[in-house]
Number of protein chains: 2
Amino acid sequence: MEKVDKIFQNKELNPNVSVDCVIFGFDFEKLNVLLIDRGSNVGPRLALPGNLIYNSENLNQAGSRVLDELTGLKNIYLEQVGAFGDPDRINNKSDQEWLKSIRAEPTARVITVAYFSLVKMADYLPQASSFAKTAEWVSVNEITELAFDHIDILNAAKGKLKEKIKTQPIGFNLLPEKFTLSQLHRLYESILEKPLDKRNFRRKIQKLDIVTSIKEKQRGVPHKPSQLFIFNQEKYQLLTETGFDNFGF
Amino acid sequence: MEKVDKIFQNKELNPNVSVDCVIFGFDFEKLNVLLIDRGSNVGPRLALPGNLIYNSENLNQAGSRVLDELTGLKNIYLEQVGAFGDPDRINNKSDQEWLKSIRAEPTARVITVAYFSLVKMADYLPQASSFAKTAEWVSVNEITELAFDHIDILNAAKGKLKEKIKTQPIGFNLLPEKFTLSQLHRLYESILEKPLDKRNFRRKIQKLDIVTSIKEKQRGVPHKPSQLFIFNQEKYQLLTETGFDNFGF
DNA sequence: TTACTTTGTGTCATTTTAACACTTTCAAAT
DNA sequence: ATTTGAAAGTGTTAAAATGACACAAAGTAA
């Protein structure tokens, strides 16, 4: 047992493997990603949150840990996107300098395992935070460059989210418990990056019967107040048991 | 430049990162996977082909290399499944022994990046090979255990293939250039693991117009000879340009 | 009271899907 | 030469899903 611990160098950072997280949030208008601001004396200012893994933790744990360390959030929807790591992914001098500044060890060849997670934006408001690293929500459509190969990772994560939301009811992780059908509608349009007919969307969701209307409406809005709904996990379970496969988007 | 080489330890094996390949083949009846036979003095006899990566190669290259080293095949359809690597994935003593026997270095914590590839079975017939490692085609349905966490990797690869074939015409990589619609039909049934109505399947494929009949039929079969077809890459391109999204399976 | 904004609702034509059975064509056996 | 066996190939119909489309209702703010 001692021997195994020694072999695996538990409790130690693995210098060759990191995780990066694409943390998605939805502001009822568009999709956002939580990015680290590295300051102005490096190449691209913004980067995905990430870190080396410990030899004692598995990859999912490492992903959760990075998310937790940045936001304090636990039990968040998290899914692996894949592994990235061209030998030349650290492609400019300032990126290398920055890496050295945040890591004890010299930079070896690193492959990174990317995750995406879905959080309710209200659960993490950067300005209210007192963590050392400064993070900020950035609209995905406004991101044109990121550190290292993070733009590739972001694009892969967007693609994965797009595919996944066609088959699984994961979008609700981005919404508060109570939401309107219009919010859900805009969420799907944001992720799928295409317009969906309002009436057809509502018909489809309500036919599937995975949302339940509650005895409560929006208040204080300067227009007709919207009916609020909650996601119905039990009904969704029933659906899957009858061979439900995808949402047909 | 010298300095960068030194930092990355090019030409050297990275002790912490490996690739494993799930190599699929189709025998016109069912789906098969090419597995390494490790002999009888270890735990599970069979394992996925895999190896540590070189620091000088990227992950896709490492996947191609493993495939090439085993089969001699190049330019094969290859796609990443994801990264695997619980700290305890080397879960029994004989697996550890085996690893030591094939690797120079002592076994560290290894994370592995899994790939799946699609090959024409006729292009690799194990018995005709003279490579040191013995490999064999095994029906996916008959695989109940594998070395390490390879059964998890296999299942993930099967799932990925299942999803992918619903949206991309990758199945043709498993068939010879000339094939019959019945062969294509059985291929889809094998991968999707569900029966598909013959007439509806043929109608769908022919409506999409991605296969072209050639002036040639099956010969020497003891029944009505089947029309042969080839995959039509150009027609498929046109389809995608008109917003084609999936095959609807 | 008016203006403004967003919610919420139904129909119809078209397309897609699922279910289903019999004839044809060849090789092999008699 | 005839029979047998085995897979290929083909069309219709009913049901379901999709896509296109417009206007009244309900609230706040001015």
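The analysis underlying the following values was restricted to heavy atoms, covering all of them including side chains, and did not include hydrogens, waters or symmetry mates.
Rounded to whole Å, atom P of C:dT6 lies 17 Å from atom CG of A:Leu228. In this structure, CG of B:Asp245 is placed 13 Å from P of D:dT18, rounded to the nearest angstrom. Atom CD of B:Gln227 is separated from atom C1' of C:dC26 by 15 Å (rounded to the nearest Å). Atom CZ of A:Arg186 and atom P of C:dG8 are 11 Å apart (whole Å). Remark: C1' of C:dA18 and CZ of B:Phe249 are 14 Å apart, rounded to the nearest angstrom. Rounded to whole Å, the distance from CD on A:Gln206 to P on D:dA17 is 16 Å. The nearest whole Å value for the distance from the CG atom in A:Leu181 to the P atom in C:dG8 is 7 Å. The nearest whole Å value for the distance from the CD1 atom in B:Ile205 to the P atom in D:dG9 is 14 Å.
B:Pro169 and B:Phe247 get closest at one heavy-atom pair: N-CE1, 3.9 Å. Annotation for B:Leu146 and B:Ala47: closest pair CD2-N, 4.3 Å, computed over non-hydrogen atoms. Heavy atoms only, all atoms of each residue included: A:Gly85 and B:Leu59 are closest at N-CD1, 4.1 Å. The minimum heavy-atom distance linking B:Ala156 with B:Val81 is given by the pair CB-CG1, 3.7 Å. Annotation for A:Ala83 and B:Val113: closest pair CB-CG2, 3.7 Å, computed over non-hydrogen atoms.
Between B:Phe249 and B:Phe201, the angle of the ring planes stays under 30°, which puts this pair in the parallel group of the 30/60° scheme.
With salt bridges taken as basic N to acidic carboxylate O contacts below 4.0 Å, none links B:Lys160 and B:Glu163.
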Would you please test B:Asp37 and B:Leu46 for side-chain contact (heavy atoms from CB on, under 4.5 Å) and show each step?
CA-CA 5 Å; B:Asp37 186 339; B:Leu46 300 173; 4.3 Å; yes
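Nearer the 5' end of DNA chain D, as judged by each residue's closest nucleotide, is the contact made by B:Thr180, out of B:Thr180 and B:Asn200.
In this structure, B:Ser226 does not reach the D:dA7 phosphate: none of its side-chain N or O atoms is under 4.0 Å from OP1 or OP2. Note on A:Arg203: every side-chain N or O is 4.0 Å or more away from OP1 and OP2 of C:dT9. Under 4.0 angstrom from either OP1 or OP2 of D:dA7 there lies no side-chain N or O belonging to B:Ser182.
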In 5'-to-3' order, the base (B), backbone-only (S) or no-contact (-) status of each nucleotide in nucleotides 22-30 of chain D, using a 4.0 angstrom heavy-atom cut-off, is B--BBBS--
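Here D:dG9 is the nucleotide among D:dC21, D:dG9, C:dG8 with the atom lying nearest to any side-chain atom of B:Arg202.
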Only distances under 3.5 Å count here; give the side-chain donor-acceptor pairs of residues 223-232 of chain B to other protein atoms, sequence neighbours excluded, each with its distance to 0.1 Å.
residue  : atom : partner  : partner atom : Å
B:Asn232 : OD1  : B:Glu234 : N            : 3.2
B:Asn232 : OD1  : B:Lys235 : N            : 3.1
B:Asn232 : ND2  : B:Thr212 : OG1          : 2.9

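Comparing the helix axis at one end of the helix from C:dT1-D:dA30 to C:dT30-D:dA1 with that at the other, each defined from 5 consecutive pairs, gives an inter-axis angle of 10° (nearest 10°).
Contact annotation for B:Gln218: no contact, since no heavy-atom pair falls under 4.0 Å across all strands.
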